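For the numbers below, each heavy atom of this structure counts, side chains included, while hydrogens, waters and symmetry mates do not. Throughout, a chain's letter reflects where its sequence line sits, starting with A, and its residues are numbered from 1. From a predicted model like this one, the values you see are computed outputs, not experimental measurements.
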Amino acid sequence: MPYEPKQIEPKWQQRWAEEKVAEVDVTKPGEKFYMLNMFPYPSGDLHVGHGRNYILGDAYYRYLRMSGRAALNPMGWDAFGLPAENAAIKRGIHPRDWTVSNIAREKKQFEAWGILYDWSKELASCDPEYYRWNQWLFLQLFERGLAYRGKAPVNWCPGCRTVLANEQVVDGRCERCSSEVIQRDLEQWFFKITDYADRLDAGLDALVNWPEKVRLMQRNWIGRSVGADVRFDVPKLGRSITVFTTRPDTIYGATFMVLAPEHSDVPALIADHPQRDGVLAFIEKVRNQSNLERQADTAGKEGRFTGAFAINPFTNEEIPIWLGNFVLPQYGTGAIMSVPAHDQRDFEFARQYDLPIRVVVRPRETQLDAAAMTEAFTDKESSVSVASGAITGLGITEAIEKISDDIEARGIGRKMTRYRLRDWLISRQRYWGTPIPIIYCEKCGTVPVPSVDLPVRLPLDVPFTGREGNPLAKHEGFVNVDCPRCGGKARRETDTMDTFVDSSWYYARFISARDSTQIFDSELVNRWLPVDQYIGGVEHAILHLLYSRFICRVLYDMKLVGFEEPFARLFNQGMITKEGYRDPAENMSWVPLTEVETRDGVPYRKGTEARLIPEVGKMSKSRYNVVPPDELIERFGADTERVYTLFIAPPEKEAAWSDEDVIGIYRFLNRVWRLGEQIGALTEDAADPAAAKMIRKAHQTIAGVSVRIEKFEFNTSISLMMELSNAIGEYLGQGGRSRSDARSAYLPLLKLLHPFAPHITEEIWEQLVGDDLLVRSSWPSADRELMKEDVLTIVVQVNGKLRGQIEVDPAADEPTILSEAKGQAKVVPHLEGKTIVKSIYVPGKLVNLVVR
RNA sequence: GCGAAAGUGGCGGAAUUGGUAGACGCGCUGGACUUAGGAUCCAGUGGUUAACCCCGUGGGGGUUCGAGUCCCCCCUUUCGCACCA
C-alpha cells in the first residue's frame with residue numbers, strides 16, 4: 001500500500017479529538033508542565049510561516065507527553081483589535097462576526113496540522129466572560145493608584161475626524177484619506193508601569209532561560225540609569241533649575257547648561273531676550289520637529305542662548321543657559337549640565353556655538369594629550385579626576401560616590417535613579433476592545449463601575465464609518481448612564497483598552513477558564529504557573545512580555561499569585577521568508593512549482609508575459625509569496641509540512657521556504673512507510689550479527705534526539721532520524737532478515753519521529769503493534785552498551801598531514817592496536833574520560849591520534 | 001552613532017571540551033527498473049587532479065602538535081535602540 005496522507009491524517013485527527021487526548025484535569029495533584037504558545041490574533045488565513053510557531057510547540061508538547069510529563073497545552077484568541085474594525089469599515093462585516101469566523105477557520109487549520117490543544121480551556125478576549133475580568137483588573141489598578149488619567153498626544157486625522165494608530169499613519173499622512181496627521185493632546189488612561197521599573201529591571205537577572213537578546217532589549221527599554229539630581233541656582237529666576245546627570249563627578253567640567261525648548265522655565269528665562277521672537281520661533285520649530293523629523297534627521301544639533309546664567313555649585317562660575325534640540329523634555333528633568341569634554345553630544349554642541357570645554361577626567365597613566373582631551377574617559381579602571389577640587393585624583397567610581405555625598409550633604413541635590421520607560425498608555429479611541437469601566441458624573445467626578453455591574457458590555461449595534469471618531473461615543477444607550485454613586489446624570493468612558501492589557505494575564509485564565517466568580521483560581525494558578533515553556537515570535541520581545549511581567553507583579557502585590565515572573569522559559573522562533581514576486585497586475589497567491597517556467601534564469605508564470613522579480617521576504621499578500629498550508633497538505637500531507645518546517649533551519653533562526661526542498665521530506669516519510677511494510681513482512685526471528693551496526697545507530701539516535709529535542713534542536717534531530725532510516729534501509733537492502741533486530745531499531749524510530757510526524761507514525765504503529773503510539777507508548781531510552789563501537793578506527797596525523805590509520809579495541813583497558821599504521825605507531829592514552837583524542841609516538845616525535 | 005548576533009559547497013544547513021570540515025536534505029551527474037516519469041533503487045558530487053598531492057569555513061595576523069571553533073585588527077550582513085544626559 002502506498003503512503004497516502006490524505007487517507008490517514010483525518011482519521012487520526014478525528015480520533016485525537018474524540019478521545020480528547022490533550023484535555024488535562026488541572027485539579028489533579030502531581031507533577032505539572034505548563035507549555036504555551038502565544039495566542040494568535042485571528043486575522044483570517046494562516047500560512048506556513050505562522051505554522052512554524054504552532055508546529056514546534058506541538059512537537060515539544062508531544063515529546064513531553066511521551067516522556068511521561070503531565071503537560072498542559074491550552075489555546076485561545078487575542079480577539080480584540082484594529083483589523084476587525086477595519087474589516088467592518090471596508091467590507092461591512094461586524095467586527096464580531098469577522099472575528100468569530102476567523103477563529104473557526106484558524107481552529108480548523110490547527111486541526112489539519114495535527115496540533116493538539118486542550119480546547120476545554122479555550123478563551124477569546126472579546127468574550128464578555130473574559131473581558132469582564134479585564135475590567136475588574138483595571139478597577140484593581142485604579143484602586144491602587146496604578147491607573148490614572150493624563151494628557152497625551154494622539155495622531156489625529158482632521159479629514160476623518162478620528163484618532164489613528166501609528167500604523168495607520170503613512171509618511172505623516174492618513175492611510176485612508178491622505179490628510180496630514182496632526183498631534184493632538186487628549187485625556188487618556190495610563191497604567192503606572194514606571195512604579196515597577198526597578199523591579200522589572202532587577203527581575204531580568206533571574207530569567208536565565210530567556211534568550212539573552214530579549215533580556216537585553218527589555219533592559220534597554222527600561223533604560224535604568226543611576227546618577228544624581230543637582231540644583232543649579234539661577235539668579236535671574238531667583239530659584240534653581242534641577243538637572244539629572246549620571247556623571248556627577250564631571251561637574252567641575254560643566255561649562256554650560258542646556259534646557260529642552262519645552263522646559264517650563266523657558267518663558268521666564270527669555271522674557272526680556274532682545275531677540276525673543278527668534279527664540280520663540282526656534283522653540284516652535286523644535287516642537288514641530290519632535291513628531292517625525294526628529295527621528296529622521298538626528299544629524300543637526302541646534303540651540304539658542306537664553307541670555308541667562310546659572311551658577312555651577314562646585315566652581316561657583318556663572319555658566320550660560322542654552323536651549324537645545326537634543327535635550328528631550330520627557331527624560332530626566334528636561335535639563336542637563338553640559339560637560340563638553342566628556343560627552344559627545346555636549347562636545348558637538350560646544351564646538352558649534354564656541355562654548356568653553358574643560359577637561360576634568362583623564363587617563364591615569366597617559367600624559368595629557370591634546371587630541372585625547374575631547375574624548376570621554378569612561379574607563380572606570382584607568383581614569384582619574386583632575387582639576388576637580390576635593391575629588392581630584394580619585395578614580396571615577398570613588399569620585400562619583402564622594403561628589404554625590406557632597407551634593408546631598410550640601411542640600412543641593414540627591415542621588416537619583418531614572419528610567420527611559422514611560423507609563424503605559426492604555427486608552428484607545430476604538431470600538432473593538434474592552435470598554436474601560438469608568439463613569440464620569442457631573443457631581444461625583446470620575447467614578448469606577450462597581451464590580452458587581454461588570455461586565456460593561458460592548459454594544460453590538462453601532463455603525464462603522466471610519467469617520468467622526470469612536471463609534472462607541474455615538475451610542476446613546478451606552479454613553480448615557482446614571483452615576484453609580486449619586487444616581488445622577490453621568491456618561492461613560494468610551495475609550496477601550498489597549499489589547500496588550502487583554503494579553504497581559506490570559507496565561508493565568510486558562511487554568512480556570514470557565515470560572516465566572518473570579519479572575520482565576522489562585523490556588524490552581526499557583527500550582528500550574530509560571531508557564532514552564534512559552535513560545536512565540538520576537539516581535540513581542542518588549543511590549544507583550546514587559547506588560548505581562550508588570551501585571552504579574554501587580555497580581556503578586558495583590559496576593560493573587562505567588563510569583564513575580566509569569567514565564568519561566570521563553571523561546572522565540574524565527575520568521576519564515578520566501579522568494580516573492582512583485583507583480584501587482586497578477587492576482588496570484590502562491591505559484592505552485594509546476595506552473596512556473598524559467599526562461600534565461602528568470603521565473604515566469606506560465607501563460608503570461610509578465611516578468612516576475614524575485615525578492616526574499618516575509619510572507620505577505622502584497623508580495624505574492626504566501627504558501628497556504630491547504631495546498632501543501634493536499635499534495636504532501638501535514639506531516640510533510642511539519643517535518644519540513646522543523647528541518648528547514650534551527651527554529652530560532654529566520655528560514656527561507658523552498659518549495660523544492662519539501663520533496664525531500666516527503667521522500668523520507670515514504671521511505672519510513674515502506675520500511676514499515678518491509679519489516680512487517682519479515683519472518684525470521686533470530687538475532688543477526690549483521691544487524692549490529694543498525695542497532696548501534698538506533699541507540700545513538702535515541703540518545704541524540706532525546707538530548708536535542710530538549711534544546712529545541714529539531715533540525716538536527718530529524719537529520720539523525722534520517723540517518724537511522726538509512727541504516728535500517730541498508731540492513732534490509734543487504735539481505736538482513738531478522739524481524740526482531742529490525743523492529744528493535746525501527747519501532748524506536750517511530751517513537752522519536754512521532755512528535756514531528758504524528759499521523760504517519762500512529763498509522764504504522766497501529767498496523768505493526770496494534771496500539772496507540774501517543775497515548776499508550778513512552779519515549780524510548782538508549783542502551784549505552786549497545787551504542788559502543790566494536791572497533792575504533794584511528795587516523796594518524798603528523799603536523800596536520802594524514803599519515804595512516806590504525807584500528808583499536810576500545811573494550812580493552814589499554815587500547816590495543818589491531819592493525820598498524822604506516823611506520824611504527826604506539827598508542828599512548830593521553831586524555832582520559834570519554835575523550836576520543838589520543839597521542840602516539842611515531843619514532844622521534846609525539847603525534848596525535850584522532851579517533852572516529 | 002550605540003548595542004547584539006552572524007559570515008562554512010550551487011542552495012538550506014551539520015560539526016561535545018580545539019581533534020579526518022561539509023552530517024542530513026535539496027539540486028546536479030551517471031546507471032538500473034520502466035511506454036514514460038517530477039516514482040523507486042544504486043553510485044558519485046567543496047576546488048584542483050587521471051590519481052596522489054595540494055588548496056579550502058568573509059580578509060589579515062597570533063596562540064597550539066592541531067583552529068570553522070580560542071585571542072587581536074579589519075570588512076560585510078541582519079536585528080534592536082536611535083540625541084535617554
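Looking at residues two or more places apart in sequence or on another chain, you find no ring-ring contact (aromatic ring centres under 6.0 Å, His included) involving A/Tyr419. For A/Tyr196, the side chain to side chain donor-acceptor pair (under 3.5 Å) partners two or more places apart in sequence, or in a different chain, are A/Asp557. A search for side chain to side chain contact (heavy atoms under 4.5 Å, CB included) contacts involving A/Ala350 returns A/Phe256, A/Pro340, A/Leu355, A/Ile357, not counting sequence neighbours. A/Phe668 is linked by a ring-ring contact (aromatic ring centres under 6.0 Å, His included) to nothing, counting only residues two or more places apart in sequence or in another chain. With sequence neighbours excluded, the residues forming a salt bridge (Lys or Arg N to Asp or Glu O under 4.0 Å) with A/Arg418 are A/Asp229, listed by chain and number. Contacts of A/Glu634 classified as side chain to side chain donor-acceptor pair (under 3.5 Å), with partners at least two apart in sequence or in another chain: A/Lys6. When the side chain to side chain contact (heavy atoms under 4.5 Å, CB included) test is applied to A/Val707, the partners found at least two apart in sequence or on another chain are A/Lys711.
Salt-bridge annotation for A/Arg219 and A/Asp205: present, with a side-chain N of the basic residue lying under 4.0 Å from a carboxylate O of the acidic one.
Counting heavy atoms from C-beta on, the side chains of A/Thr417 and A/Arg224 come closer than 4.5 Å.
Between A/Phe571 and A/Trp210, a ring centre-to-centre spacing not shorter than 6.0 Å is recorded. Aromatic ring centres of A/Phe714 and A/Phe712 lie closer together than 6.0 Å.
Rounded to whole Å, the separation between the C1' atoms of B/U45 and B/C81 comes to 46 Å. To the nearest whole angstrom, the two P atoms, one in B/A39 and one in B/A50, are 33 Å apart. Nucleotides B/G47 and B/G56 have their P atoms positioned 16 Å apart, rounded to a whole Å. Nucleotides B/U77 and B/C70 are separated by 23 Å at their P atoms, to the nearest Å. Straight-line distance between the P atoms of B/C24 and B/U35: roughly 33 Å, to the nearest whole Å. Taking atom P in both B/G38 and B/G19, the straight-line distance is 42 Å, to the nearest Å. Between B/A6 and B/U17, the distance separating the two P atoms is 14 Å to the nearest Å. Of the P atoms belonging to B/G68 and B/G59, the separation is 12 Å, rounded to the nearest Å.
In this structure, A/Arg420 reaches the B/A82 phosphate: one of its side-chain N or O atoms is under 4.0 Å from OP1 or OP2. Here A/Ser225 reaches the OP1 or OP2 of B/A85: one of its side-chain N or O atoms lies under 4.0 Å away. OP1 or OP2 of B/A14 has at least one side-chain nitrogen or oxygen of A/Asn715 nearer than 4.0 Å. Here A/Asn726 reaches the OP1 or OP2 of B/G25: one of its side-chain N or O atoms lies under 4.0 Å away.
Separation of atoms CG (A/Asn670) and CD1 (A/Ile663) is listed at 8.5 Å; rounding is to 0.5 Å. A distance of 4.0 Å separates CZ of A/Phe314 from CD1 of A/Ile403, quoted to the nearest 0.5 Å.
Between A/Leu724 atom CG and B/G25 atom P the separation is 12 Å, expressed in whole Å. Put simply, CD on A/Gln352 is 17 Å from P on B/C83, counting in whole angstrom units. One interatomic measurement links the two molecules: CZ of A/Phe244 to P of B/C83, which rounds to 17 Å at whole-angstrom precision. Rounded to whole angstrom, the span from the NZ atom of A/Lys697 across to the P atom of B/A23 amounts to 13 Å. In this structure, the NZ atom of A/Lys653 is 10 Å from the P atom of B/A6, given to the nearest Å. Atoms CG (A/Leu720) and P (B/A14) sit 12 Å apart, rounded to a whole Å. Distance CZ (A/Phe256) to P (B/A85): 17 Å, rounded to an integer number of Å. Atom CE in A/Met721 sits roughly 15 Å away from atom C1' in B/A14 (whole-Å rounding).
Listed nucleotides: B/A85, B/G13, B/C83. Nearest to the side chain of A/Phe326: B/C83. When each of B/A85, B/C24, B/C26 is scored by its nearest atom to the side-chain atoms of A/Ile663, the top-ranked nucleotide is B/C26. Looking at the side chain of A/Thr245, the nearest of the listed nucleotides B/C26, B/A85, B/G13 is B/A85. Among the nucleotides B/C24, B/G13, B/A85, the one closest to the side chain of A/Phe647 is B/C24.
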Problem - Dot-bracket line, read 5' to 3' along RNA chain B, where crossing pairs take [ ] and | marks a partner on another strand, Watson-Crick or G-U under 3.5 Å - result: (((((((..(((......[....)))((((((.......))))))((......))..(((((..]....))))))))))))....
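Taking a 6.0 Å sphere around CZ of A/Arg414, one finds it holds 12 or fewer heavy atoms contributed by other residues, nucleotides or ligands. When the shell of 6.0 Å around NZ of A/Lys693 is examined, it contains 12 or fewer heavy atoms from other residues, nucleotides or ligands.
Near RNA chain B, meaning a heavy atom under 4.0 Å away, the residues from residues 330-337 of chain A are A/Tyr331, A/Ile336.
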Shorter than 3.5 Å, N or O on both sides, protein versus nucleotides 77-80 of chain B: list them out with atom names.
| unit_1 | atom_1 | unit_2 | atom_2 | d |
| --- | --- | --- | --- | --- |
| B/C79 | O2' | A/Lys213 | NZ | 3.4 |

Enumerate the protein-to-nucleotides 41-45 of chain B contacts in which both atoms are nitrogen or oxygen and the separation is below 3.5 Å.
| unit_1 | atom_1 | unit_2 | atom_2 | d |
| --- | --- | --- | --- | --- |
| B/C41 | OP1 | A/Arg674 | NH2 | 2.7 |

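No engagement by A/Ser658 is indicated, since no non-hydrogen atom pair under 4.0 Å with the nucleic acid exists. Within the 4.0 angstrom heavy-atom criterion, no nucleotide atom of any strand lies near A/Pro2. No contact: A/Arg215 has no heavy atom under 4.0 Å from any strand.
Comparing A/Ile718 and A/Leu216 against RNA chain B, the residue whose closest nucleotide sits nearer the 5' end is A/Leu216. Checking A/Tyr666 against A/Val662, the closest nucleotide of RNA chain B that is more toward the 5' end is the one next to A/Val662.
Applying the 90° criterion around 0 to the glycosidic angle, B/G44 comes out anti.
Listed by first and then second residue, the side chain to side chain donor-acceptor pair (under 3.5 Å) pairs involving residues 717-729 of chain A are A/Arg671-A/Asn726, A/Lys697-A/Glu723 (not counting sequence neighbours).
One side chain, A/Thr716 or A/Arg708, offers a donor N or O that lies under 3.5 Å from an acceptor on the other.
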